[in-house]
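Everything on this sheet refers to the single structure shown next.
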Amino acid sequence: MKILAVGDVVGRRSIEYLSKTLRRTAASLGADFVVVNGENASGVGLTPDQAWRIYDAGADVVTLGNHTFGNRQICDYLDDQPNILRPLNYPARQPGHGYTVVDCCGKTVCVCDLQGRVDLNYIPSDPLAAADWLLKNVKADLYLVDFHAEATSEKLAMGYMLDGRISALWGTHTHVPTADAMVLPNGTGYVTDLGMTGPKHSVLGIQPKLSIAKFRGDLPSRYQWADGPTKMEAVLFTIDTETGLCRKAE
Ligand code: FE2
């Protein structure tokens, strides 16, 4: 089974790009299952309409992260949509859910969203404990995890903790892809960060001049999306459905 994990969709124009490219790309790669991180679709957050457009573009599951509740319209919607995931390690009283189990290629596939705790504004409960809880309490043939986190160390630690216990784990949030897509020693597919679906020449999707001004210490101004060509960054995991382990991450 081939799983395509697509990096954070940044802004409205990137959803349009996804609509034109994702289905075709997934088909050309032979992907059976597609997971897209959508938490920056409207900058900070995702609206129900944008969620539908990402599904229409070819996503099977949409994951979120630290900007899950950036758009309050999503709150009611999250409870009703099994395949839009907010981090599992958020308080249970918050809307939505952190995992889903879907059928694909005759197997049950559990997809889970988790958020890290290092260098993020909102600190949720322990994501490692949440991953252990998931594997103990949710039964599925295959497990996939989107670990939405800033620190490369936290993502690597989670990867090694889950190595051999899940099919694949990918990091999201930084919008910058890492060059470490690999199969860990015990068979879990791993990459520290997928990157993003957004403007190629930008600072995480934002016009470079605005980001430069911020780092120079200018007065704050409203961020605007960068123009120019759009890119889609993703990792393809090839999973052996008999063992549940990863053969290739590319
Ligand atoms: Fe994020």
Side-chain angles (χ1 to χ4, degrees), residues 5-15 17-18 35-48 50-51 54 59 61-75 77-78 83-91 94-99 111-128 130-131 144-159 169-178 190-199 202-207 210-211 214-215 222-226 230-235:
V6 179
D8 313 26
V9 180
V10 177
R12 226 168 291 137
R13 228 160 42 94
S14 303
I15 302 178
Y17 180 80
L18 207 67
V35 183
V36 177
N37 187 290
E39 76 139 13
N40 296 112
S42 58
V44 283
L46 171 79
T47 65
Q50 288 165 343
I54 295 174
V61 172
V62 177
T63 50
L64 298 167
N66 57 309
H67 293 308
T68 292
F69 301 118
N71 257 302
R72 288 300 176 95
Q73 311 160 45
I74 201 78
C75 289
Y77 192 70
L78 282 181
N83 293 346
I84 302 180
L85 307 178
R86 52 102 161 134
L88 176 64
N89 53 331
Y90 275 20
Q94 291 188 350
H97 36 264
Y99 68 87
V111 187
C112 176
D113 192 30
L114 291 166
Q115 185 187 308
R117 300 200 289 181
V118 178
D119 289 340
L120 286 162
N121 290 341
Y122 175 69
I123 310 295
S125 67
D126 181 358
L128 293 93
L144 306 171
V145 171
D146 174 349
F147 190 25
H148 196 80
E150 176 73 30
T152 50
S153 56
E154 193 177 18
K155 292 189 249 195
L156 279 158
M158 178 70 92
L169 177 146
W170 55 87
T172 56
H173 176 70
T174 72
H175 298 193
V176 177
T178 53
Y190 175 86
V191 67
T192 298
D193 206 294
L194 297 174
M196 70 169 174
T197 304
S202 69
V203 178
L204 316 186
I206 303 299
Q207 288 181 14
L210 300 176
S211 194
K214 180 196 165 191
F215 284 110
R222 197 178 168 78
Y223 275 169
Q224 289 172 32
W225 302 123
T230 305
K231 62 179 176 177
M232 181 175 80
E233 290 165 336
V235 169

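Atoms within a ligand are numbered from 1 in the order they appear, just like the ligands themselves. All of these numbers come straight from a predicted model, not from anything done at the bench.
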In His173, which N, O or S atom comes closest to the Fe ion (ligand 1)?
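Nearest N/O/S atom: ND1.
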Can you tell me if [X] has an N, O or S atom under 2.8 Å away from the Fe ion (ligand 1)?
| X | answer |
| --- | --- |
| His67 | no |
| Glu39 | yes |
| Thr172 | no |

Taking the six-membered ring for Trp, are Tyr90 and Phe69 parallel (under 30°), tilted (30 to 60°) or perpendicular (over 60°)?
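Tyr90 and Phe69: tilted rings.
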Show the nearest heavy-atom pair for residues Pro87 and Thr68, with the distance to one decimal.
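In this case the closest contact between Pro87 and Thr68 is CD-OG1, 3.5 Å.
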Check this for me: Lys231, atom NZ, are more than 12 non-hydrogen atoms of other residues, nucleotides or ligands nearer than 6.0 Å?
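Yes - once you tally the heavy atoms of other residues, nucleotides and ligands closer than 6.0 Å, there are more than 12.
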Please tell me whether His173 and Asn66 have a donor and an acceptor in their side chains that are separated by less than 3.5 angstrom.
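There is such a pair (donor and acceptor under 3.5 Å, judged by atom type) between the side chains of His173 and Asn66.
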